[in-house]
Amino acid sequence: MSYNSPFTGNVIQPTDVSYRDITISNTNLQLEWPINGTTTNDAAARIMEVATTGVSELWMPPANQSSVGNDALIRNTGGEDFDVMDYAGINTIVTVLAGEAQYIYITDNSTEEGVWGIIAYGIGSSGQDAATLAGYGLLAIGQTLNQSQPVTTFSSNYTALTTDRSSTYVWTGGAGTLTLTLASTLADNWFMFLRNSGTGALTVAGSGGNTINGSTSIILQPTDSCIIVCSGTTFYTVGLGKSTQFAFTQLSKAVLSGSYTLTASEASNVIQKYTGALTGNVTIVVPATVQVYYIVNETTNAYTVTITTGSGGTAVLTAGSQATLVCDSVNLYNANTVLAGASVVSLNNGSVGAPSLNFASETTTGIYRAASGEFNTTILGVLRSTVSASGLAIVGTGTFSGGVLGGTF
């Protein structure tokens, strides 16, 4: 039997059978091309719905009796998987799972077995297509696309990238910075989730002049969280709320000497009282975060209590003193003009035109210190008297209604 054209010498394309419904039970079914001279009715069709029971295989016809590109769509309508084999069951072309459809076609017909290409149609929707379509913020689970929000913890400075779309970043360090890539690079509708679970302030800053909520940067305090969204030109936060209720709690901590680092729980107390009979100077290390502290030093003995973040400016309290301290996440500033409970009041030196102690309605009148060992008074910016270890010097004339007594004139 010849399958070649007597005119061209090429293999003749078999007659096309469009559809077959096939049932196989505990056997292997050898298919034939639907051409003249076939001895069975087991012709290969373009579309075949196959149901099998037991150990069964579907064997395709000889590849060299057909042209490359000849194809078949095989759908498993049964409840069991089966294999589609090349001619005589020599090699497996594809395994068709229950409910699945596979498309096969000849790519090389130089042998009976041939070489077959495969396209998986999947079950319902293509699982392979779902995985291919899953970009940032999407995850292929089975045959479906699902939202994805992977969580990454970080404790050192980081720059958010395009690939961080839909990601959640959780800060776990002290003070740090998250820098946002240029808004024009991240583009409109980029977003990420951010939470500060650390012990210090987390600064979120834009790049290249980009702003966030209209500012060059914002600060997330510990436990703050938000969604950061990009418009393509600037950044905004969603859900960065602040509590309108403030619960003041007090820490009472006994100290002796040396350094004490407050835990996050201890540092959450705005009012802090330190007690104990000191045997040396004490250093209290607070978290590197923006905060206000009301400090009461009730320790005894001639030692000091220093409040610090570990770097920057510090505040030093003597025994029996109190202070309101403002922390900018690095430095501590004393917000008191006068320390309540302190035994002394310290003034700046001032000057003749700007005395350190003056009157609100006449700021050029008051007292100041012009030089070491002097106490000076100024009236409307003019020096009028100087008290020093050698006595009193008056500038200008003096009027004494009660007379002058004692000494030699």
Side-chain angles (χ1 to χ4, degrees), residues 151-158 168-178 193-204 217-226 240-301 303-336 339-341:
V151 176
T152 300
T153 58
F154 68 116
S155 57
S156 58
N157 295 342
Y158 179 72
T168 297
Y169 274 75
V170 179
W171 174 252
T172 59
T177 301
L178 174 75
F193 301 82
L194 182 64
R195 176 179 172 81
N196 185 353
S197 289
T199 58
L202 176 63
T203 300
V204 183
S217 65
I218 63 170
I219 293 178
L220 269 65
Q221 301 294 345
T223 74
D224 281 352
S225 61
C226 66
L240 181 57
K242 299 295 182 181
S243 175
T244 58
Q245 297 182 353
F246 300 89
F248 284 85
T249 56
Q250 176 178 278
L251 167 70
S252 182
K253 189 175 183 69
V255 293
L256 291 175
S257 66
S259 180
Y260 297 81
T261 299
L262 299 188
T263 65
S265 176
E266 289 177 325
S268 66
N269 296 277
V270 175
I271 302 173
Q272 299 177 5
K273 180 170 65 177
Y274 295 96
T275 62
L278 300 187
T279 59
N281 291 329
V282 168
T283 298
I284 304 296
V285 182
V286 298
T289 183
V290 176
Q291 183 61 281
V292 175
Y293 299 103
Y294 301 92
I295 308 296
V296 180
N297 182 0
E298 291 191 355
T299 62
T300 58
N301 296 334
Y303 297 102
T304 61
V305 174
T306 299
I307 313 297
T308 180
T309 62
S311 61
T314 63
V316 180
L317 282 77
T318 56
S321 64
Q322 303 171 18
T324 301
L325 304 180
V326 177
C327 180
D328 65 359
S329 81
V330 177
N331 303 289
L332 283 151
Y333 301 98
N334 194 332
N336 293 100
L339 293 180

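- Taking Thr172 as the reference, nothing meets the side-chain hydrogen bond (donor to acceptor under 3.5 Å, both in side chains) condition, with sequence neighbours excluded.
- Under the side chain to side chain contact (heavy atoms under 4.5 Å, CB included) criterion, Ser217 pairs with Thr203, Ala205, sequence neighbours left out.
- Among residues two or more places apart in sequence or in another chain, the salt bridge (charged side-chain N to carboxylate O under 4.0 Å, His left out) test is passed with Glu266 by Lys253.
- To the nearest 0.5 Å, the span separating OG1 on Thr177 from CG on Leu202 amounts to 7.0 Å.
- With sequence neighbours excluded, the residues satisfying side chain to side chain contact (heavy atoms under 4.5 Å, CB included) with Thr299 are Val255, Tyr274, Leu278, Asn297, Val305, Ala319.
- Contact record, Cys327 with Pro287: SG-O, 4.4 Å, taken as the closest heavy-atom pair.
- For the residue pair Ser257 and Val282, the shortest heavy atom distance occurs at CA-CG2, 3.6 Å.
- Every residue meeting the side chain to side chain contact (heavy atoms under 4.5 Å, CB included) condition with Ser329, not counting sequence neighbours, appears here in chain and number order: Ala201, Val290.
- Between the Asn281 side chain and the Thr304 main chain, a donor and an acceptor come within less than 3.5 Å of each other.
- Contacts classified as salt bridge (charged side-chain N to carboxylate O under 4.0 Å, His left out) and involving residues 318-333 (residues at least two apart or in different chains) are not found.
- Partners of Thr168 by side-chain hydrogen bond (donor to acceptor under 3.5 Å, both in side chains), not counting sequence neighbours, listed by chain and number: Gln149.
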For residues 193-200, which side-chain donor-acceptor pairs fall under 3.5 Å, sequence neighbours excluded?
unit_1: Arg195; atom_1: NE; unit_2: Ser197; atom_2: OG; d: 2.9
unit_1: Arg195; atom_1: NH1; unit_2: Thr223; atom_2: O; d: 3.3
unit_1: Asn196; atom_1: OD1; unit_2: Gly198; atom_2: N; d: 2.9
unit_1: Asn196; atom_1: ND2; unit_2: Gly200; atom_2: O; d: 2.9
unit_1: Asn196; atom_1: ND2; unit_2: Leu220; atom_2: O; d: 2.8
unit_1: Asn196; atom_1: ND2; unit_2: Gln221; atom_2: O; d: 3.4

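- With sequence neighbours left out, Tyr294 forms a ring pair (Phe, Tyr, Trp, His ring centres under 6.0 Å) with no residue at all.
- Across Tyr260 and Leu256, no two heavy atoms sit closer than the pair OH-N, 3.0 Å.
- Ring geometry for Trp171 against Phe154 counts as perpendicular: the plane angle is over 60°, on a 0 to 90° scale with 30° as the lower cut.
- Between Gln322 and Val296 the shortest side-chain heavy-atom distance falls below 4.5 Å.
- Nearest heavy atoms, Thr309 versus Leu332: N-CD1, 4.0 Å.
- Residues Leu325 and Asn334 are in side-chain contact: their nearest non-hydrogen atoms beyond the backbone lie under 4.5 Å apart.
- To the nearest 0.5 Å, atoms OG (Ser268) and CG (Leu262) are separated by 9.5 Å.
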Verdict with supporting geometry, Ile295 and Gln272, side chain to side chain contact (heavy atoms under 4.5 Å, CB included): CA-CA 5 Å; Ile295 308 296; Gln272 299 177 5; 3.6 Å; yes
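- For Ala277, the side chain to side chain contact (heavy atoms under 4.5 Å, CB included) partners are Thr300, Asn301, not counting sequence neighbours.
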